[in-house]
Trainee: 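Sending over a structure as structure tokens; questions will come in a sec.
Start at 1 with the first residue, then count along the sequence. These numbers come from the heavy atoms of this one structure, side chains and all, not from hydrogens, waters or symmetry mates.
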Amino acid sequence: MEFHRLVSTDKTSFLRLPLELRRNVYAYILPHTEAFDLRFQRGNGEAKQQSESNKEGNEIVWRLGCISILSTCRQIHDECVDMIYGDNTFVIDVSFDAIEFNKRWRTANNLTPGRPYLFLDHFSQRNLMKIRNYVVNVEHVDDYTGMIKFNYSGQGLTAGIQGKVQELVDLLVLVPNLRRLHVHLIDGAISRLRFPSARVLRVQDVTIDFASQTVLNPFMGVSGVCKATVTGVSETYATRLKTSMAETRGAPRR
């Protein structure tokens, strides 16, 4: 008999089990994230690998499971929801016009299809408060690409992206006990140096401008993170931001 059916038929006995043992059952049948080496994925084209190589969290995939156990009773529901949202890692992509949950899952054939969801709209506020582990990619496109995509450039583009970052931070500052927060800046100019496109380079010369890392400034308002990581920025800025995010809530800012 499947675990969730066994729990449904004998939930009183199941709830008498120690919490750790119940959590082991949940971990076996509920959706959960895991690290997956994409090199062994079937049908993963080189173009797709290159387009995603400048993002963090690509190796984090969901293994789909059964959520019917959530309907068994309120206590089991609350314990399961705490695990689904509290123990898994959520990969978030922040761009000029969206904050998206980048859900990628692993199939039986070792494929990892993905689908974006509007993060702040897709989940209830109650469940958003339960998420403890984040990988956040912030995409700051170069001025030329920004003008094409959004009809913005320079300071206007930076301010627009920073506004979206602030929307996410407004949520994170309310979440108690953040465990992991990996913030990664994707700088359009730097990306073009690593993966040059002849057509774009003819239009505009590329220079690395570390002023673009200021789009991450709202993360200075986050604190109490157990494990903070910052990449894609200068070493000095990364150290400063990590130190700020790791400070105890209520501690005086330096």
Trainee: Within this structure, what is the CD1-CG distance for the pair I29 and N24, rounded to the nearest 0.5 Å?
Mentor: 11.5 Å
Trainee: Applying side-chain contact (heavy atoms from CB on, under 4.5 Å), run through F219 and V230 and close with a yes or a no.
Mentor: CA-CA 10 Å; F219 283 105; V230 183; over 6 Å; no
Trainee: Taking all heavy atoms of L128 and all of L120, pick out the closest pair and write down the distance.
Mentor: CD1-O, 4.2 Å
Trainee: Measure up the Y134 and F90 rings against each other and bin them: parallel (under 30°), tilted (30 to 60°), perpendicular (over 60°).
Mentor: tilted
Trainee: So if you build clusters from Ile, Leu, Val, Met, Phe, Trp, Tyr with side-chain heavy-atom gaps below 4.5 Å, do V91 and F119 land together?
Mentor: no
Trainee: Taking the side chain as every heavy atom from C-beta outward, state whether R104 and I60 have any pair of such atoms under 4.5 Å apart.
Mentor: no
Trainee: Is the count of non-hydrogen atoms from other residues, nucleotides or ligands lying under 6.0 Å from I67 atom CD1 greater than 12?
Mentor: no
Trainee: When hydrophobic residues are tied together by side-chain contacts of less than 4.5 Å, even through go-betweens, does L19 share a cluster with Y28?
Mentor: no
Trainee: Do you know which of D93, N137, T229, T231 makes side-chain hydrogen bond (donor to acceptor under 3.5 Å, both in side chains) with H184?
Mentor: T231
Trainee: For the residue pair K103 and W62, what are the closest heavy atoms and their distance?
Mentor: CG-CD1, 4.0 Å
Trainee: In Å, rounded to the nearest 0.5 Å, how long is the span from NE2 of H32 to OG1 of T89?
Mentor: 12.0 Å
Trainee: Can you tell me how far the CG atom of N109 sits from the CG atom of L111, to the nearest 0.5 Å?
Mentor: 5.5 Å
Trainee: Answer with yes or no whether the hydrophobic clustering places M129 together with M83; edges join I, L, V, M, F, W, Y residues whose side-chain heavy atoms lie under 4.5 Å apart.
Mentor: yes
Trainee: Identify the heavy atoms of Q125 and L171 that sit nearest to each other, and give their distance.
Mentor: NE2-CD1, 4.2 Å
Trainee: State whether a side-chain donor-acceptor pair under 3.5 Å links Q166 with D170.
Mentor: yes
Trainee: Measuring only between side-chain heavy atoms, which start at C-beta, is C80 closer than 4.5 Å to T72?
Mentor: no
Trainee: Calculate, to the nearest 0.5 Å, the distance between atoms CG and CD belonging to L241 and Q213 respectively.
Mentor: 9.5 Å
Trainee: Do you know which two heavy atoms are closest between L178 and L172, and how far apart they sit?
Mentor: CD1-O, 3.9 Å
Trainee: Quick check for you: to the nearest 0.5 Å, what is the distance between I92 atom CD1 and E56 atom CD?
Mentor: 14.5 Å
Trainee: So L70 and L30, do their side chains get closer than 4.5 Å, heavy atoms only?
Mentor: yes
Trainee: Checking N133 against K227 for the side-chain contact (heavy atoms from CB on, under 4.5 Å) test, could you report, in this order, the C-alpha distance in whole Å, the side-chain angles of both residues, the deciding distance, and whether it holds?
Mentor: CA-CA 9 Å; N133 304 289; K227 183 179 180 180; over 6 Å; no
Trainee: Are side-chain heavy atoms of I84 and Y26 found at a separation under 4.5 Å?
Mentor: no
Trainee: Would you name the heavy atoms of C226 and R179 that are closest together and state the gap between them?
Mentor: CB-O, 3.3 Å
Trainee: For R22 versus L17, what's the shortest heavy-atom pair and its separation?
Mentor: NH1-O, 2.5 Å
Trainee: May I ask you to decide if T33's main-chain N or O and N88's side chain share a donor-acceptor pair within less than 3.5 Å?
Mentor: yes
Trainee: Any donor and acceptor pair, going by atom type alone, linking the side chain of S244 with main-chain N or O of R240 inside 3.5 Å?
Mentor: no
Trainee: Is there a side-chain contact between V138 and I161, using heavy atoms and a 4.5 Å cut-off?
Mentor: yes
Trainee: Just wondering, do R115 and W105 contact through their side chains at under 4.5 Å, heavy atoms?
Mentor: yes
Trainee: Can you find a pair of side-chain heavy atoms, one from R126 and one from K130, that are under 4.5 Å apart?
Mentor: yes
Trainee: For N217 and T214, does a side-chain donor sit closer than 3.5 Å to a side-chain acceptor?
Mentor: no
Trainee: Would you indicate whether the side-chain heavy atoms of L185 and H140 approach each other to under 4.5 Å?
Mentor: yes
Trainee: Should Y117 and Y85 be counted in the same cluster of Ile, Leu, Val, Met, Phe, Trp and Tyr side chains packed under 4.5 Å apart?
Mentor: yes
Trainee: Without swapping roles, check the side chain of R74 against the backbone of S71 for a donor-acceptor pair under 3.5 Å.
Mentor: no
Trainee: State yes or no: do M245 and V233 share one hydrophobic cluster built from I, L, V, M, F, W and Y residues joined by side-chain heavy-atom distances below 4.5 Å, directly or via other members?
Mentor: yes
